[in-house]
Chemist: 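Got a structure here, written out as structure tokens. Questions coming.
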Amino acid sequence: MKKIAVLTSGGDAPGMNPAIRSVVRTAIYKDLEVVGIRHGYKGLIEKDFFDMNRGSVADIVQRGGTILLSARCEEFKTEAGRKKAYANMKEEGIEALVVIGGDGSLRGVQKINAESDIKAVGIPGTIDNDLSCTDYTIGVDTAMNTILDAINKIRDTATSHERTFVIECMGRDSGYLALMTGLAGGAEYILVPEIDFTPQEVCDKITQGFNRGKLHSLILIAEGVEAPFADLNKYHGSPGMAMGDLIRERTGMETRVTILGHLQRGGSPTATDRIVASRMGAKAVELLLEGKRDKMVNYRDNSIGVCEIKDAIKKTETINMDIYNLANILSM
Ligand code: F6P
């Protein structure tokens with residue numbers, strides 16, 4: 001094998017740059033040529049390629065986002081689009097590909113392996129940490145720290161005004177970010193799509209807390225929460241807004257809603273994200289040199305390993321109930 005390529009796809013995540021840097025420098029160290037592909041799968045179809053060298057990844061280890069740019073690409077879901085992508089890679093002499101992204105991006109890796117002779121492997125990169133077979137996806141630590149910083153700041157003003165705050169965080173269908181930052185931030189209530197709840201029980205707990213002398217209540221809610229107020233979500237625009245309105249109506253308490261939004265996706269990657277990303281990037285190149293395909297680099301028990309892509313994208317991991325119960329006990 002002489003030439004590999006690397007792309008980032010889907011929602012960007014802090015740590016993608018250190019992962020790119022690691023792929024490029026490990027590959028060069030192993031005497032491989034590296035092609036960078038801009039705009040994810042769209043760049044494969046549009047042949048948005050450029051040669052990468054040591055200098056192409058200089059001064060990026062500390063930067064959020066992705067220097068390769070990212071996109072969600074509908075055309076790659078069509079057979080015609082993918083054929084164009086394979087032809088472009090062939091023409092360029094690309095024999096293998098590293099894709100850094102979340103579950104949608106990994107499905108693309110599966111297609112490439114099934115339909116072409118290009119060997120493709122994946123690196124999990126998403127703030128959602130919603131993949132199976134890995135404890136960790138690049139970006140989640142930075143996102144958690146960003147959310148935590150926001151919770152700390154909101155707590156200050158919530159206490160001063162004796163208010164209830166609903167804080168909505170990202171995660172798509174997963175409650176991971178809400179759960180972990182709810183525990184770390186000392187939230188009174190954590191609402192995630194994986195666990196049923198009624199708005200009334202939330203209101204009751206807040207009221208009890210204030211009656212006991214609490215100066216504020218913080219409720220962490222994941223953006224993926226639908227039940228039990230799916231209709232209200234539509235009406236109010238988001239689960240956080242719906243929950244805020246319900247609390248205000250039913251408890252009469254002064255309630256504010258903060259939707260953290262895309263600031264959770266930015267920022268300089270934390271030490272953990274940089275370290276894991278660097279280790280994963282090197283491992284991906286190693287896998288390709290061993291002739292592996294259709295694998296995802298994973299992180300389990302502080303070790304970098306490998307799993308099948310098909311297992312990584314299975315929705316099997318559920319919320320950690322021990323952590324949820326602990327957060328509940330500690331939020332008394
Ligand atoms: O998958 C990462 C993520 O940030 C999710 O948490 C969120 O639901 C989604 O991407 C937002 O996507 P977009 O940036 O396309 O609005």
Side-chain angles (χ1 to χ4, degrees), residues 7-17 19 38-43 64-66 68-77 99-109 122-151 166-182 190-194 220-227 230 233-234 236-243 257-270 273 276-277 280 296 309 312-315 317-319:
L7 65 82
T8 49
S9 153
D12 62 346
M16 281 183 163
N17 279 330
R38 293 191 192 90
H39 299 113
Y41 289 110
K42 186 164 166 262
T66 160
L68 292 178
L69 312 176
S70 195
R72 303 190 197 276
C73 177
E74 285 306 310
E75 205 184 341
F76 196 76
K77 293 184 184 150
V99 172
I100 306 166
D103 61 347
S105 314
L106 294 171
R107 280 175 220 283
V109 173
I123 294 178
T126 163
I127 65 162
D128 301 337
N129 204 15
D130 59 348
L131 293 169
S132 299
C133 304
T134 187
D135 298 338
Y136 198 89
T137 60
I138 294 168
V140 65
D141 189 58
T142 309
M144 286 195 297
N145 281 294
T146 302
I147 296 169
L148 215 46
D149 183 48
I151 294 174
V166 178
I167 304 169
E168 182 182 305
C169 65
M170 280 186 167
R172 206 179 288 275
D173 305 326
S174 161
Y176 185 89
L177 284 174
L179 175 62
M180 294 303 175
T181 57
I190 299 171
L191 305 174
V192 291
E194 295 88 344
L220 249 284
I221 186 165
E223 67 174 357
V225 167
E226 279 181 15
N233 282 357
K234 266 179 239 143
H236 294 245
S238 81
M241 297 299 265
M243 195 65 226
V257 178
T258 304
I259 298 173
L260 297 177
H262 283 79
L263 67 84
Q264 295 162 93
R265 286 240 297 265
S268 176
T270 58
D273 271 325
V276 176
M280 284 186 167
M296 184 187 82
I309 299 249
I313 58 180
K314 260 189 222 154
K315 294 274 176 221
E317 311 259 301
T318 52
I319 211 89

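The first residue of the sequence shown is numbered 1, and numbering continues consecutively from there. Numbering of ligands and ligand atoms starts at 1, following listing order.
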Chemist: Is the side chain of R265 donor-acceptor paired with the backbone N or O of D12 at a distance under 3.5 Å, no angle test?
Modeler: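 Yes; judged by distance alone, with no hydrogens or angles, the pair exists.
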Chemist: Run the numbers for me: atoms of ligand 1, each under 4.0 Å from some heavy atom of H262, listed by number.
Modeler: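 The atoms of ligand 1 under 4.0 Å from a heavy atom of H262 are 13 (P), 14 (O), 16 (O).
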Chemist: Short list, please: which atoms of ligand 1 are under 4.0 Å from a heavy atom of E223?
Modeler: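 Matching atoms, with element in brackets: 5 (C), 6 (O), 7 (C), 8 (O).
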Chemist: Which residue supplies the protein heavy atom nearest to atom 1 (O) of ligand 1, what is that atom called, and how far is it?
Modeler: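 Looking at atom 1 (O) of ligand 1, the protein heavy atom closest to it is D128 OD2, 2.6 Å.
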Chemist: Show which atoms of ligand 1 fall inside a sub-4.0 Å distance from at least one heavy-atom site of G171.
Modeler: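 Reading through ligand 1 atom by atom, the close ones are 6 (O).
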Chemist: Please lay out, stage by stage, how D273 and T142 fare under the test side-chain hydrogen bond (donor to acceptor under 3.5 Å, both in side chains).
Modeler: CA-CA 7 Å; D273 271 325; T142 309; 2.5 Å; yes
Chemist: Roughly how far, to the nearest 0.5 Å, is the CD1 atom of I138 from the CE atom of M16?
Modeler: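 If I round to the nearest 0.5 Å, the distance is 7.5 Å.
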Chemist: For the backbone of A143 and the side chain of Q264, can you confirm whether one donor and one acceptor N or O come within less than 3.5 Å of each other?
Modeler: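 Side chain of Q264 to backbone of A143: no pair is present.
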Chemist: So is there a nitrogen or oxygen of I127 less than 3.5 Å from a nitrogen or oxygen in ligand 1?
Modeler: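 No: no nitrogen or oxygen of I127 is under 3.5 Å from one in ligand 1.
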Chemist: Pick one of side chain, backbone, both or neither for how R72 approaches ligand 1, counting any non-hydrogen atom pair under 4.0 Å.
Modeler: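 The side chain, only.
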Chemist: Give a yes-or-no answer on whether the side chains of D141 and T270 include a donor-acceptor pair shorter than 3.5 Å.
Modeler: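 Result is yes, a qualifying pair exists.
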Chemist: Any donor-acceptor pair under 3.5 Å linking the side-chain atoms of S238 with those of E168?
Modeler: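 Distance-only check passes for E168 and S238.
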Chemist: Considering heavy atoms of the protein only, find what lies nearest to atom 4 (O) of ligand 1 and give residue, atom and distance to 0.1 Å.
Modeler: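 So the nearest neighbour among protein heavy atoms is R265 NH1, 2.8 Å.
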